[in-house]
There are 2 protein chains.
Amino acid sequence: MSTPGRGLHGHVLDTLGPAITAGEYPPGSVLRTDELAQHFEVSRSVMREAVRVLESMHLVESRRRVGVTVRPKAEWNVYDPQVIRWRLAGADRPHQLRSLTVLRSAVEPVAAGLTAKNATAEQCAELTECALGMVATSRGHRLEEYLVHDVAFHRVILMASGNEMFARLGDVVAEVLAGRTHHEVMFEDPDPAAVTLHVQVAEAVRAGDAARAEQLTREITMGALEELDILAP
Amino acid sequence: MSTPGRGLHGHVLDTLGPAITAGEYPPGSVLRTDELAQHFEVSRSVMREAVRVLESMHLVESRRRVGVTVRPKAEWNVYDPQVIRWRLAGADRPHQLRSLTVLRSAVEPVAAGLTAKNATAEQCAELTECALGMVATSRGHRLEEYLVHDVAFHRVILMASGNEMFARLGDVVAEVLAGRTHHEVMFEDPDPAAVTLHVQVAEAVRAGDAARAEQLTREITMGALEELDILAP
DNA sequence: CGGAGCCAAAAAGTCAGACTTATATGTCAC
DNA sequence: GTGACATATAAGTCTGACTTTTTGGCTCCG
């Protein structure tokens with residue numbers, strides 16, 4: 001999807017990373033570089049590079065005379081896109097999806113408020129275009145097309161906010177939305193109320209009404225929480 | 001501070017990472033592994049490991065026959081604690097501090113609301129203790145002691161929310177608060193109103209009043225935004 | 001019996017050198 | 001100009017030897 005097969009060490013990571021994030025090695029487990037290298041049939045240099053990457057993600061810790069120990073989940077760099085992807089691909093998927101949706105509910109409304117204040121004319125137009133695209137594809141089981149517009153919409157909101165931390169969550173939100181469409185129960189057409197809210201957000205942003213954009217986006221993310229049975233107040 | 005000198009490749013990262021995040025190498029710059037290895041007086045294996053880590057942070061991209069090219073800032077993994085630390089230590093500090101404070105303003109209120117619903121008795125007690133500690137040290141130029149309690153307070157809020165994504169922002173918030181006390185203009189005692197708000201948040205959490213905890217925390221983070229002259233609506 | 005200190009093994013860390021592979025770029029014929 | 005081909009370049013890989021740190025056990029002495 002993103003960066004497939006960037007060398008041998010990448011292949012090792014594609015196997016080891018998911019295994020660790022899936023909890024196959026409980027925290028404190030000890031791996032030996034040499035054994036891993038043999039198991040994956042790569043040289044020690046390649047294996048060492050892979051371990052370094054896992055170490056930079058705080059998934060493992062490498063110490064002399066002891067080996068490569070798996071760190072507890074609480075220490076992982078859970079914002080690393082690679083880690084998120086691995087977890088979304090594994091057994092942890094439902095839990096990860098919930099965590100990310102809660103994060104969205106915190107971030108997106110504030111981002112929308114900033115976007116209402118900072119968006120350029122082009123970004124406003126793009127936003128409106130996305131919203132209209134959502135309307136157009138919201139009926140008749142055109143879920144894939146709808147998803148494209150939905151993802152684009154939220155991406156613009158996050159990018160146009162002018163905050164780099166928000167902007168970098170675009171990929172994460174895309175994964176969450178895609179996950180909802182593909183793996184969760186969503187055979188029906190999207191909720192018409194949600195579609196309307198997106199159109200209204202686009203309007204509010206165009207009008208520069210930050211408070212309204214924030215409130216409307218809050219309603220959108222609240223809907224996402226309810227879909228996952230995360231009780232709202 | 002966190003993991004100093006974990007080998008030769010760590011030393012290389014401590015120099016190269018800050019240099020890149022500081023923008024010393026403009027996007028598109030090309031580095032050669034061999035030259036870097038010579039410059040840092042390490043073997044190519046060590047240099048390669050360092051490059052792999054930078055690559056996993058999306059700071060650089062390594063391609064055959066081209067070299068190691070620096071990626072544009074927009075592609076960096078800005079949530080990587082190591083990257084955040086490097087940027088906070090360099091010229092990008094003010095900008096980074098603002099970005100993170102805006103992120104705080106989005107995340108912490110929602111986290112506080114969740115904490116009000118999920119916190120255990122112990123966590124409530126800990127929170128109250130932190131708030132009282134802040135009150136006790138809020139006068140008489142005891143800024144360092146105040147900071148300790150302030151950091152602990154926000155850490156508990158984020159941890160007790162029950163959301164792993166929020167929990168992992170504890171370190172980030174700690175850096176921001178420490179930065180404010182140490183490097184920004186803050187010779188005076190903390191704002192009494194802010195101190196009061198913290199006490200009230202602790203009360204709201206204890207009472208299980210999510211809406212109130214959220215609103216009060218929003219006021220706290222609003223104050224932080226105003227301190228940095230980030231205009232509020 | 002218990003603690004201080006020492007020893008040896010284990011595993012990561014480091015290095016050097018040779019070789020392989022992909023690929024950007026230049027060259028030449030058409 | 002365009003396409004095929006050759007070439008140089010820099011990353012990628014492998015191997016083997018060596019170093020360094022650290023742990024766990026062992027001895028020795030109190």
Side-chain angles (χ1 to χ4, degrees), chain A residues 1-17 19-20 25-72 75-76 82, chain B residues 2-17 19-20 24-72 75-76 82:
Chain A
M1 174 175 280
S2 56
T3 13
R6 52 277 184 239
L8 272 188
H9 95 282
H11 176 251
V12 171
L13 283 175
D14 288 340
T15 309
L16 246 192
I20 294 175
Y25 304 94
S29 302
V30 176
L31 313 172
R32 255 80 49 90
T33 309
D34 290 15
E35 286 183 12
L36 289 174
Q38 274 187 28
H39 178 260
F40 287 105
E41 297 178 310
V42 295
S43 67
R44 292 195 316 278
S45 357
V46 168
M47 197 60 227
R48 286 181 53 74
E49 287 169 26
V51 168
R52 282 280 174 268
V53 173
L54 294 175
E55 202 176 25
S56 87
M57 295 169 174
H58 274 66
L59 295 183
V60 303
E61 186 183 3
S62 180
R63 278 170 51 199
R64 274 180 147 120
R65 164 62 210 240
V66 59
V68 178
T69 62
V70 178
R71 306 183 93 144
E75 296 176 13
W76 297 350
Q82 184 78 95
Chain B
S2 55
T3 13
R6 50 281 186 239
L8 271 188
H9 94 283
H11 175 251
V12 172
L13 284 175
D14 288 340
T15 309
L16 245 192
I20 294 175
E24 283 180 34
Y25 304 94
S29 302
V30 177
L31 313 172
R32 255 80 47 91
T33 309
D34 289 16
E35 285 183 12
L36 289 174
Q38 274 187 26
H39 178 259
F40 287 105
E41 297 178 311
V42 295
S43 68
R44 279 173 311 146
S45 351
V46 168
M47 196 61 228
R48 285 181 54 74
E49 287 170 27
V51 169
R52 282 279 174 268
V53 172
L54 294 175
E55 202 175 24
S56 86
M57 295 169 174
H58 274 66
L59 295 184
V60 303
E61 185 182 5
S62 180
R63 278 170 53 199
R64 272 184 149 118
R65 166 63 210 242
V66 169
V68 178
T69 62
V70 178
R71 307 182 91 144
E75 296 176 13
W76 297 351
Q82 183 77 92

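Every chain is numbered from 1, with letters handed out A, B, ... down the list of sequences.
Rounded to an integer number of Å, the gap from B:D34 CG to C:dA18 P is 14 Å. Rounding to whole angstrom units, CD of residue A:E41 and C1' of D:dC14 are separated by 14 Å. When rounded to the nearest whole Å, the span between CG of B:L54 and C1' of D:dA11 equals 16 Å. Distance CE (B:M47) to P (C:dG17): 19 Å, rounded to an integer number of Å. Taking atom CG on A:L8 and atom P on D:dA11, their separation rounds to 17 Å, with Å as the unit. One interatomic measurement links the two molecules: CD of B:E35 to C1' of D:dA11, which rounds to 13 Å at whole-angstrom precision. Nucleotide D:dG12 holds its P atom 13 Å from the CD atom of B:E49, rounded to whole Å. Here the P atom of nucleotide D:dC14 and the CZ atom of A:F40 are 14 Å apart, to the nearest Å.
With DNA chain D read from its 5' end, the first of the two nearest nucleotides for A:R63 and A:H9 is the one closest to A:H9.
Note that CD of A:E41 is 11.0 Å distant from CG of A:L8, once rounded to the nearest 0.5 Å.
For A:R32 against C:dA12, no side-chain N or O and base N or O form a donor-acceptor pair under 3.5 Å. Between the side chain of A:R65 and the base of C:dA11, no donor-acceptor pair under 3.5 Å is found.
Other residues, nucleotides and ligands place no more than 12 heavy atoms under 6.0 Å from the CD atom of A:Q38. Counting non-hydrogen atoms of other residues, nucleotides and ligands closer than 6.0 Å to OH of A:Y25 gives a total of 12 or fewer.
Among the atoms of the strands shown, only primed sugar atoms or phosphate atoms (P, OP1, OP2) are found under 4.0 Å from some heavy atom of B:V66. Using a 4.0 Å heavy-atom cutoff across all strands shown, A:T33 reaches sugar-phosphate atoms only and no base atom. Using a 4.0 Å heavy-atom distance criterion, A:R48 is classed as a base contact.
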All N/O contacts under 3.5 Å from nucleotides 19-21 of chain C to the protein, with atom names and distances to one decimal?
residue, atom, partner, partner atom, Å
C:dT21, O2, B:R64, NE, 3.2

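Listed pair A:S45 / D:dG12 fails the phosphate criterion, with no side-chain N or O lying under 4.0 Å from OP1 or OP2.
Proximity of a side-chain donor or acceptor of B:E49 to a complementary backbone N or O of A:R52 within less than 3.5 Å is not detected.
In plain terms, the two heavy atoms of A:G17 and A:L54 that are nearest each other are CA-CD2, 4.3 Å. Heavy-atom minimum distance, B:Q82 versus B:R6: OE1-NH2, 3.2 Å. B:S56 and A:S56 get closest at one heavy-atom pair: OG-OG, 3.0 Å.
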